[in-house]
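The next block holds one structure in the form of structure tokens; read it before the comments.
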Number of protein chains: 2
Amino acid sequence: MTVSVMIVDDHPIWRDGVARDLGEHGFEVAATAADGDAAVRIARAVRPAVVLMDLNLGSSSGVAAIREITTQLPDTRVLVLSASGEHDDVLEAVKAGASGYLVKSASVRELVAAVRRTAGGDPVFTAGLAGMVLGEYRRMADAPSDQQAPRLTERETDVLRLVAKGLTARQIADRLVISHRTVENHVQSTLRKLQLHNRVELARYAIEHGLDQEQEGRG
Amino acid sequence: MTVSVMIVDDHPIWRDGVARDLGEHGFEVAATAADGDAAVRIARAVRPAVVLMDLNLGSSSGVAAIREITTQLPDTRVLVLSASGEHDDVLEAVKAGASGYLVKSASVRELVAAVRRTAGGDPVFTAGLAGMVLGEYRRMADAPSDQQAPRLTERETDVLRLVAKGLTARQIADRLVISHRTVENHVQSTLRKLQLHNRVELARYAIEHGLDQEQEGRG
DNA sequence: GACGCTCTCGGGGTTTTCCCGGATCCGCGC
DNA sequence: GCGCGGATCCGGGAAAACCCCGAGAGCGTC
């Protein structure tokens, strides 16, 4: 029986290339999508066996789409095919329900094998990533479910974004029309939550998590 | 006459897909390469009309490869096909000699048209990027070649790298075995040279220029 | 209504950063 | 030699950041 595959990536050229590679190796490319929302919608209609998915989908979040798909379609397995291979990306994808994680530097042969094994129910990870997931699992087992997801309040996120831009507390206070002491308080609580020690680390955190790119004013 | 094209990208799947797309539209894919060094070496032998090139080649620098190719092969035009479309990436590529810049979210049709126009000698830029280059040109024309390359001393670079990691002046002083006041002075002169205002902006600068990734101790 | 959370503001302290001047050394040209 | 610019080093003083604390107002939940 043929395995139906769905390809999610915001690059049309990439989608076409992967679709052809898989088609030539006996898979049925049942659908493609360019962003997370479309992926969820189409996957629900098509019910592919494997969703081959990029994490970096321009604006929308690939991780959220993975979570939607794996919860709504328990028979569909998601194989992430991403450029990064970054520690956090891998763990987030796995937490969201991904069955495997391949970096885009993989060869066509590796890709084909990975899709086949994913369809068969085996978890597939690029060399090095499997150990990463295992290590994180152990750390979770040691510390029985405490932080790992320190969520910031809306105001803390506002302040964090401006701190990451290099503004001082007074400049941030002017923009948000509050006291600079309040700004400093938000900075402090953010530092505590993220277990960081100063604004530079805060800026690094914001940059690595893409918080510094988003627009601020929406009303 | 057929246009010979060379494809440089560290993702085999991407290379194959692009090669097939171009092949089906009458281009001759004369060569492919996975990194900058190979690109320069092979391009010198093959002398393609157009080099279709990713900037993000894993370890090696795409910009350096562009510079090599365009200086050594004046008849070869380099069309960058990159994921980012970031301000600095575009400008660096153009400065290195790229004839055009396409983001990877382009369609196959756009890609084919871009390669054709690049071969014909027209500069090709994704919408929005052309204005970016023009704007930068104007800024250069306004300020008659003053800064644009503020070089830092060795010690300033050492300090900058550690500042970008989030270390305080005292921690940096301990590592470099100097007084923390001296560290602060290096920070100050760096701020002046780069026309920045605080350590967070310094960290952003270092991250954007890749200074924070390099190792520090080589002796 | 009690509770918890967020956002706001401030007191009062230490530490760090930011900005200035001043010192030494070293290479380079006159 | 002697000045001159640079790189590197150090210090004083003002500003900002960091850290802990308490407190009121608003807003949902139980």
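Numbered from 1 within each chain, the chains take letters A, B, ... in sequence-line order.
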Inset, instruction - Flag the pair B:Lys104 and B:Asp54 as a salt bridge only when some basic side-chain nitrogen lies within less than 4.0 angstrom of an acidic carboxylate oxygen. - result: yes
Legend entry - Side-chain N or O of A:Arg199 closer than 4.0 Å to phosphate OP1/OP2 of D:dC18: yes
Inset, instruction - Give a yes/no on whether any side-chain N or O of A:Arg170 is located under 4.0 angstrom from OP1 or OP2 of D:dA16. - result: yes
Legend entry - Gap between atoms CD1 and P, on A:Ile178 and D:dG24 respectively (whole Å): 20 Å
Legend entry - Under 4.0 angstrom between A:Arg155 side-chain N/O and C:dT8 OP1 or OP2: yes
Inset, instruction - Would you kindly give the CD-to-P distance between B:Glu156 and D:dA7, to the nearest whole Å? - result: 7 Å
Inset, instruction - Measure from CG on A:Leu202 to C1' on C:dT16 and round the result to the nearest Å. - result: 16 Å
Inset, instruction - Looking only at side-chain atoms of B:Ala169, point me to the closest of D:dA17, C:dT8, C:dT17. - result: C:dT17
Legend entry - Interatomic distance where CG belongs to A:Leu191 and C1' belongs to D:dC19 [whole Å]: 10 Å
Inset, instruction - Can you figure out which of C:dC18, C:dC9, D:dT8 approaches the side chain of B:Thr153 most closely? - result: D:dT8
Legend entry - Value in whole Å for how far the P atom of C:dG11 lies from CG of A:Asn185: 13 Å
Inset, instruction - Indicate yes or no: does A:Glu156 engage A:Lys193 in a salt bridge with an N to O separation below 4.0 Å. - result: yes
Inset, instruction - Quickly work out the A:Lys193 NZ to D:dC19 P distance and round it to whole Å. - result: 16 Å
Legend entry - A:Trp14 and B:Trp14 aromatic ring geometry - parallel, tilted or perpendicular at 30°/60° bounds: parallel
Inset, instruction - Would you please confirm or rule out a distance under 4.0 Å between OP1 or OP2 of C:dC18 and any side-chain N or O of B:His197? - result: no
Legend entry - Side chain B:Gln188 and base C:dC19 donor-acceptor under 3.5 Å: no
Legend entry - Check: B:Arg15 main-chain N/O paired with B:Asp9 side-chain donor or acceptor under 3.5 Å: no
Legend entry - DNA chain D: 5'-proximal contact among B:His180 and A:Val187 (nearest heavy atom): B:His180
Inset, instruction - Would you classify B:His186 as touching base, sugar-phosphate or nothing, given that sugar-phosphate means primed atoms plus P, OP1 and OP2, and contacts are heavy atoms under 4.0 Å? - result: sugar-phosphate
Legend entry - Value in whole Å for how far the C1' atom of D:dG6 lies from CD of B:Glu154: 14 Å
Inset, instruction - Among the candidates C:dT17, D:dT8, D:dC19, find the nucleotide nearest to the side-chain atoms of A:Arg181. - result: D:dC19
Legend entry - Pairing of B:Arg204 and B:Glu201 as salt bridge, 4.0 angstrom limit: no
Legend entry - d(CD1, B:Ile172; P, C:dT17) in whole Å: 7 Å
Inset, instruction - Would you mind telling me which of C:dT17, C:dC19, C:dT8 lies closest to the side-chain atoms of A:Thr182? - result: C:dT8
